[in-house]
Amino acid sequence: MGQRRGHSRRDYRRVNRRKQRNRRLMLFGLVLLGIIFAAGVIKIVTGKVEDARLDKLEAQVTQENGSFIGAPPFEVNLLDVNEYSRPGIPLKKIKGIVVHYTANPGSTAAENRNYFEGLKDSHETKVSSHFVIGIEGEIVQCIPSSEIAYASNSRNDDTLSIECCHKDETGEFTEATYDSLVKLVGWLCYRFGLESSDVIRHYDVTEKICPKYFVDHPDAWEQFKKDVDGQILVVAEEVKVADSKTE
């Protein structure tokens, strides 16, 4: 009888341990499900917040840039507001557009944009641009057209700036870069009531050799401004056609 009772106690303890283990496993499973559910909720909420942020950003940029009719495709990737590349200071009035070159052969538009962004941490210098055009013709907007950029010295407070990438030390733009520059400047001129005579080189502000190719080849610069004149007319016609369709 004693042996059977001992055996029964062992069986009881074994069953009890099994029950406890099962309860722990069940509790662990419930906790895991709770974590997964919470993560899903957080992801949904975070996604909605991010969507709202992007919608707000799109509305902000659309309002600042005005109509996109006649504009070349471009990506909006604004810098964080900081004292080294995007001070957040309003532009009083846009009286001109300044063309620059990056002086960094082979770099991309995204790389130059990210360099500007990194200045908030490196504090290396104060520099930026409203737009950057890459070697493949890609365009990135870094700063809203309603704020100043650190690009054109004494003309920072009344101009928009455009940095252009280039392949080599000559500073000559690729055909894709040049085409995007003409289209972007033409649209901005139309948008803000400017003429090609309001488009200048960084050189015209400080005599810095920038953009190098247009400084070294004044005839190419004059041809560029003629191409901008033609693009302003193209944009005006596109706007006219779009308006006629809404009447």
Side-chain angles (χ1 to χ4, degrees), residues 71-75 85 91 94-116 118-119 124-143 145 148-192 194-235:
F74 62 88
E75 174 190 359
S85 55
L91 268 172
I94 297 174
K95 296 181 179 180
I97 299 170
V98 186
V99 178
H100 306 255
Y101 87 133
T102 63
N104 186 14
S107 61
T108 66
E111 287 170 344
N112 282 279
R113 180 266 170 205
N114 292 340
Y115 170 74
F116 295 151
L119 293 175
E124 179 183 339
T125 186
K126 291 185 177 182
V127 66
S128 56
S129 184
H130 291 90
F131 295 90
V132 184
I133 303 178
I135 292 172
E136 303 298 326
E138 70 277 18
I139 305 173
V140 179
Q141 183 176 12
C142 305
I143 295 178
S145 56
I148 74 164
Y150 288 142
S152 307
N153 304 83
S154 62
R155 297 297 305 274
N156 282 340
D157 62 353
D158 68 353
T159 60
L160 298 177
S161 56
I162 303 173
E163 287 276 359
C164 298
C165 298
H166 49 97
K167 284 188 172 181
D168 54 40
E169 297 292 344
T170 67
E172 184 176 9
F173 303 148
T174 64
E175 183 177 347
T177 303
Y178 184 87
D179 183 60
S180 289
L181 179 62
V182 169
K183 289 178 178 178
L184 178 60
V185 172
W187 171 61
L188 290 173
C189 280
Y190 181 86
R191 165 74 182 91
F192 295 106
L194 305 174
E195 300 177 353
S196 64
S197 57
D198 299 311
V199 183
I200 60 176
R201 303 163 294 183
H202 192 183
Y203 172 81
D204 299 314
V205 181
T206 65
E207 296 190 352
K208 179 180 179 180
I209 308 303
C210 174
K212 180 174 170 56
Y213 190 80
F214 282 154
V215 174
D216 292 343
H217 300 82
D219 55 330
W221 175 247
E222 291 305 316
Q223 181 59 52
F224 168 72
K225 293 206 291 184
K226 290 178 182 178
D227 291 339
V228 168
D229 282 330
Q231 188 62 30
I232 293 172
L233 295 177
V234 169
V235 176

*Asks:* Which atom pair, heavy atoms only, marks the closest approach of Ser85 to Leu119?
*Replies:* CB-CD1, 4.4 Å

*Asks:* Give, for atom SG of Cys210 and atom CG of Asp204, the distance between the pair rounded to the nearest 0.5 Å.
*Replies:* 10.5 Å

*Asks:* Crowded around Gln223 CD? As in, over 12 foreign heavy atoms under 6.0 Å?
*Replies:* yes

*Asks:* Any non-hydrogen side-chain atom of His130 less than 4.5 Å from a side-chain atom of Ile97?
*Replies:* no

*Asks:* Would Lys226 and Asp229 pass as an ion pair if we require N to O under 4.0 Å?
*Replies:* no

*Asks:* Does the ring center of Tyr101 lie less than 6.0 Å from the ring center of Tyr213?
*Replies:* no

*Asks:* Could you check Arg155 against Ile200 for side-chain contact (heavy atoms from CB on, under 4.5 Å), going step by step and ending with a plain yes or no?
*Replies:* CA-CA 11 Å; Arg155 297 297 305 274; Ile200 60 176; 3.7 Å; yes

*Asks:* Ile162 pairs by side chain to side chain contact (heavy atoms under 4.5 Å, CB included) with which of Val98, Val132, Leu188?
*Replies:* Leu188

*Asks:* Quick check: do Pro211 and Phe173 have side-chain heavy atoms less than 4.5 Å from each other?
*Replies:* yes

*Asks:* Please confirm whether Phe224 and Trp221 have ring centers closer than 6.0 angstrom.
*Replies:* yes

*Asks:* How many angstroms lie between CD in Glu175 and OG in Ser180, if you round to the nearest 0.5 Å?
*Replies:* 10.5 Å

*Asks:* Taking the side chain from Thr174 and the backbone from Ile135, do they hold a donor-acceptor pair closer than 3.5 Å?
*Replies:* yes

*Asks:* What distance separates Ser196 OG from Glu222 CD, expressed to the nearest 0.5 Å?
*Replies:* 8.5 Å

*Asks:* Please examine the side chains of His202 and Val215, heavy atoms only from C-beta on, and report whether any two atoms are closer than 4.5 Å.
*Replies:* no

*Asks:* Do the side chains of Lys212 and Glu169 get nearer than 4.5 Å, heavy atoms only?
*Replies:* no

*Asks:* Which value, rounded to the nearest 0.5 Å, describes the distance between Cys142 atom SG and Glu163 atom CD?
*Replies:* 9.0 Å

*Asks:* Just one of Ile139, Val99, Thr102 clears the side chain to side chain contact (heavy atoms under 4.5 Å, CB included) bar with Ile133, so which one?
*Replies:* Ile139

*Asks:* Could you walk me through whether Lys183 and Val234 satisfy the side-chain contact (heavy atoms from CB on, under 4.5 Å) test, starting with their C-alpha distance in whole Å, then the side-chain angles of each, then the deciding distance to 0.1 Å, before giving a yes or no?
*Replies:* CA-CA 9 Å; Lys183 289 178 178 178; Val234 169; over 6 Å; no

*Asks:* Centres of the Tyr203 and Phe214 rings: under 6.0 Å?
*Replies:* no

*Asks:* Keeping the roles fixed (side chain from Thr206, backbone from Lys208), state whether a donor-acceptor pair exists under 3.5 Å.
*Replies:* yes

*Asks:* How about Glu136: does its CD atom have over 12 heavy atoms from other parts shown lying under 6.0 Å from it?
*Replies:* no

*Asks:* Which heavy atom of Ala149 sits nearest a heavy atom of Ile143, and at what distance?
*Replies:* CB-CD1, 3.6 Å

*Asks:* Between CD1 of Ile94 and OG1 of Thr159, what distance do you get to the nearest 0.5 Å?
*Replies:* 9.0 Å

*Asks:* Do you see a donor-acceptor pair shorter than 3.5 Å between the side chains of Asn104 and Tyr115?
*Replies:* no

*Asks:* Atom NZ of Lys167 and atom OG of Ser107: how far apart are they, to the nearest 0.5 Å?
*Replies:* 13.0 Å

*Asks:* Any heavy-atom pair between the side chains of Cys189 and Val199 that's under 4.5 Å?
*Replies:* yes

*Asks:* Give a yes or no answer on whether the side chain of Asn156 reaches the backbone of Ala151 with a donor-acceptor pair at less than 3.5 Å.
*Replies:* yes

*Asks:* Please check: side-chain N/O of Asp179 versus main-chain N/O of Ala176, any donor-acceptor pairing under 3.5 Å?
*Replies:* no

*Asks:* Indicate yes or no: at least one non-hydrogen side-chain atom of Ser152 is less than 4.5 angstrom from one of Ser161.
*Replies:* yes

*Asks:* Output, in order, the C-alpha distance, side-chain angles, deciding distance and verdict of side-chain contact (heavy atoms from CB on, under 4.5 Å) for Leu160 and Phe192.
*Replies:* CA-CA 10 Å; Leu160 298 177; Phe192 295 106; 3.7 Å; yes

*Asks:* Could you check if a side-chain atom of Ser154 sits within less than 4.5 angstrom of a side-chain atom of Val205, using non-hydrogen atoms only?
*Replies:* yes

*Asks:* Are side-chain heavy atoms of His166 and Thr177 found at a separation under 4.5 Å?
*Replies:* no

*Asks:* Testing the basics here: between Val182 and Gln231, what is the closest heavy-atom pair and its distance to 0.1 Å?
*Replies:* O-CG, 3.5 Å

